[in-house]
Peer 1: 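Sharing a structure here in structure tokens format.
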Amino acid sequence: MDNEQVAEILEEIGTLLELKGENPFKTRAYQNAARTIEGIHEPLASLVAEDRLTGIKGLGDALRQKITTLVETGKLPYFEELKASIPPGLIEMTEIPGLGPKKVKALHDELGIESIDALETACEEDRVAGLKGFGKKTQQKIIDGIEFRRKFSGQHHLHSAWITAEPILESLRQHPDVIRCSVAGSLRRWKETIGDLDFIASSRAPENVIDFFTNQEGILNIVAKGDTKASVILEDGLQADLRVVMDKEYPFTLAYFTGSKEHNIVMRQRAIDRGLRLNEYGLYKSKTETHDSKLRVKCTSEEDIFRALDLELIPPELRENRGEFEAAEKGELPNLVEWTDLRGSLHNHSNWSDGKESLEEVAAAAYDLGCSYWAITDHSQSSFIANGLDINRLTRQINEIEHINQLYQDAERPYRVLSGSEVDILTGGRLDFPDDILAQLDVVVASIHQVFSQSEAEMTKRLIGAAENRYVHMLGHITGRLLLQRDAYKLNQHAVIDACAETGTWIELNANPWRFDMDWRLWQYAKEKGVKCVINTDSHRFEHQQYLRFGAQIARKGWLTKRDVINTLSLKRLRTALLWKRK
DNA sequence: GCCGTTTTCGGCCCGACTGTTTTCAGTCG
């Protein structure tokens, strides 16, 4: 059982304990342990084997015992029993807005409700409103919540959240009563999926800003509206929250609501350790008084807050409590890659396979975007659904690309279309083209597109097999996940990264917002092993070229610098790099 | 369930908002 699975189980134990009405701090201990484990880069199995769980903060005797059992046996009797004692539908019920563990427990204890369907029926029959602590409004909110859940999945892809957020941010920025404003939350941290949009603004007339926000176009309904915060549901199903504060409070509010929660806990603790107190309104020279302005430490920016806690400014992308404090303390935060550092993409399609535009059109669009190179890596013959190229068509395409390159010979800046293939990794790790064909290509991306159902060992072996081929420059979208749609196939990603380190194979960061694959959480490990990243759009049409920006943001989230990313190289250096493995 | 330069018990982040309450519990972030 790997780290992620263990973390998931601990998280679920936390939720189950909440539903049982257990001590909330015990509940939190499990949830904290889940976070801690998510943040450990090394496989738990080795930590357990070498008895190195001891000393990890937040894991006491009881949790160490349980984690050991999970890692060694893949099961945990305590968890099984707990799960058996609570109807599975209750956890799902807590996902309805406004329903927490206490209310779900009451619904179960008083009315015997064990599922969302039963809850809906009970609301329709007006049985919920009479319960202690419930009422007509709560009942209606539950009905609306269930309806909403059916209509929208609750999470949204990063790029669509930005598309919704940017015009709102712009209109806030132009409002005469707004002094400063920003997005916050997971959007500002560039998480791969977004639950809701958070906006922070400073103003001397907060009521005007709140009114403006709740009266904007495209609102489905207003969830909450107070003096300093409002919450609305937008027509595309996203919830948007706005908080308005005084300008001197703004940096604190922005930092607080940017999160993450785990990051904030450490920030707060650092304040306490220095005899200070940090909350969303300020940093105070007192352990108890929270609102006395005379005791306020003056900070006009987030940078000031970090400095007051003896830290470098931590970029929002890194605020996940995954090592940023240790680095910021020593002044060793990485100089993160910028999307403008990127010179091109090495995994893209044309209408020769399943892309929309012709080679000429793709080449011209990438040139106009300012790129120095753009690889055409259409699908290989086994991907016949995607109109994959056989050897004959591939050979013709190579010639055609050479022809196109002649058109750019006298261009104002160096530019080259690179020939390539996204070659299928067949079962067993064999590739869809023989080596002598691959050798003729500038760029070879190897990806899995079929037979996802093999065991973890087989899938891992498949990818390692591809990495061992000297003509394969990089592995494409290694987990095959489609965010909010399809889970990753079973895979030992650490083993694949190790093999890439060994063979000098690069790993793609697929910038398509449905993929963002490999996951940002693994790049620190890859970087330590010396594995380079390639940020690819995997574009199938012009619009996808803009994904480079999102890909770079995810790379930043993975702590990557310009040096860690191959496609920041100039055309000349890239062409040398493409020969490294073939020497 | 975890933790300890207030150390083996008594804390554990906390403020805004809603709805149900007539003084506060539950939820959320």
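Keep in mind that what you see is a predicted model, and the values were worked out from it rather than measured. Naming convention: chains lettered A, B, ... in sequence-line order (proteins, then strands); numbering from 1 in each chain. When reading the values below, keep in mind they use all heavy atoms of this one structure, side chains included, and skip hydrogens, waters and symmetry mates.
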Peer 1: Distance check, rounded to the nearest 0.5 Å: A:Leu53 atom CG versus A:Leu63 atom CG?
Peer 2: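 A:Leu53 CG to A:Leu63 CG: 10.0 Å, rounded to 0.5 Å.
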Peer 1: Across all strands, who's sitting opposite B:dT8 as a Watson-Crick or G-U wobble pair, both distances under 3.5 Å?
Peer 2: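 Matched B:dT8 with nothing under the 3.5 Å cut-off.
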Peer 1: Where the side chain of A:Ala224 is defined as all heavy atoms beyond and including C-beta, which of B:dA16, B:dC17, B:dG1 is the nearest nucleotide?
Peer 2: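 My answer, after comparing the listed nucleotides, is B:dC17.
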Peer 1: State which of B:dT27, B:dG19, B:dG1 makes the closest approach to the side chain of A:Lys141.
Peer 2: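 Of the candidates, B:dG19 comes closest.
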Peer 1: Would you name the heavy atoms of A:Leu234 and A:Ala240 that are closest together and state the gap between them?
Peer 2: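 Smallest heavy-atom distance, with atoms named: CD1-CB, 4.0 Å.
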Peer 1: Quote, to the nearest angstrom, the P distance that separates B:dC17 from B:dT22.
Peer 2: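 Comparing P positions in B:dC17 and B:dT22 gives a spacing of 23 Å.
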Peer 1: Among B:dT20, B:dT27, B:dG1, find the nucleotide with the atom closest to the side chain of A:Lys103.
Peer 2: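 Selected nucleotide: B:dT27.
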Peer 1: Of the options B:dA16, B:dG1, B:dG26, whose atoms approach the side-chain atoms of A:Tyr281 most closely?
Peer 2: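 Shortest atom-to-atom distance from the side chain points to B:dA16.
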Peer 1: Would you mind reading off the distance between A:Met267 atom CE and B:dC13 atom C1', rounded to a whole angstrom?
Peer 2: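 It works out to 14 Å between those atoms.
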Peer 1: Which of the following nucleotides, B:dG26, B:dA16, B:dG29, is nearest to the side chain of A:Asp198?
Peer 2: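 Nearest listed nucleotide: B:dG29.
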Peer 1: Taking the P atom in each of B:dT27 and B:dT20, what is the distance between them to the nearest angstrom?
Peer 2: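 Taking atom P in both B:dT27 and B:dT20, they lie 13 Å apart.
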Peer 1: Taking the six-membered ring for Trp, are A:Phe325 and A:His263 ring centroids under 6.0 Å apart?
Peer 2: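 When the ring centroids of A:Phe325 and A:His263 are compared, they turn out to be within the sub-6.0 Å range.
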Peer 1: Round to a whole Å and report the spacing from CG of A:Leu131 to P of B:dT20.
Peer 2: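 Atom CG in A:Leu131 sits about 11 Å away from atom P in B:dT20.
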Peer 1: Say we look at B:dC12 and B:dT18: how far apart would their C1' atoms be, to the nearest angstrom?
Peer 2: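 Straight-line distance between the two C1' atoms is 26 Å.
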Peer 1: Could you check, using the six-membered ring where one of them is a Trp, whether A:His477 and A:Trp514 have ring centers closer than 6.0 angstrom?
Peer 2: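 Not under 6.0 Å, so no.
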Peer 1: Looking at the side chain of A:Lys229, which of B:dA16, B:dG1, B:dT27 is the nearest nucleotide?
Peer 2: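 When the side chain of A:Lys229 is considered, B:dA16 is the closest of B:dA16, B:dG1, B:dT27.
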Peer 1: If the test is side-chain contact (heavy atoms from CB on, under 4.5 Å), which one of A:Leu119, A:Ile113, A:Leu90 qualifies with A:His108?
Peer 2: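 Considering A:Leu119, A:Ile113, A:Leu90, a side-chain contact (heavy atoms from CB on, under 4.5 Å) with A:His108 is found only for A:Leu90.
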Peer 1: Could a donor-acceptor pair under 3.5 angstrom be found where the side chain of A:Asn23 meets the base of B:dG1?
Peer 2: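 For A:Asn23, whose side chain was compared with the base of B:dG1, there is a donor-acceptor pair (under 3.5 Å).
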Peer 1: Counting any heavy atom closer than 4.0 Å, what does A:Thr228 reach on the DNA or RNA strands: base, sugar-phosphate only, or nothing?
Peer 2: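 If one applies the 4.0 Å heavy-atom cut-off, A:Thr228 turns out to touch the sugar-phosphate alone, with no base involved.
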Peer 1: Measure from the side-chain heavy atoms of A:Arg268 and tell me the nearest of B:dC13, B:dG1, B:dG19.
Peer 2: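 Closest nucleotide to the A:Arg268 side chain: B:dC13.
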Peer 1: Expressed in angstrom and rounded to an integer, what is the separation of A:Arg28 atom CZ from B:dG29 atom P?
Peer 2: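 Interatomic distance, CZ of A:Arg28 to P of B:dG29: 16 Å.
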Peer 1: Please classify the nucleic acid contact of A:Lys132 as base, sugar-phosphate, or nothing, using heavy-atom distances under 4.0 Å.
Peer 2: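 Here A:Lys132 touches no strand at all.
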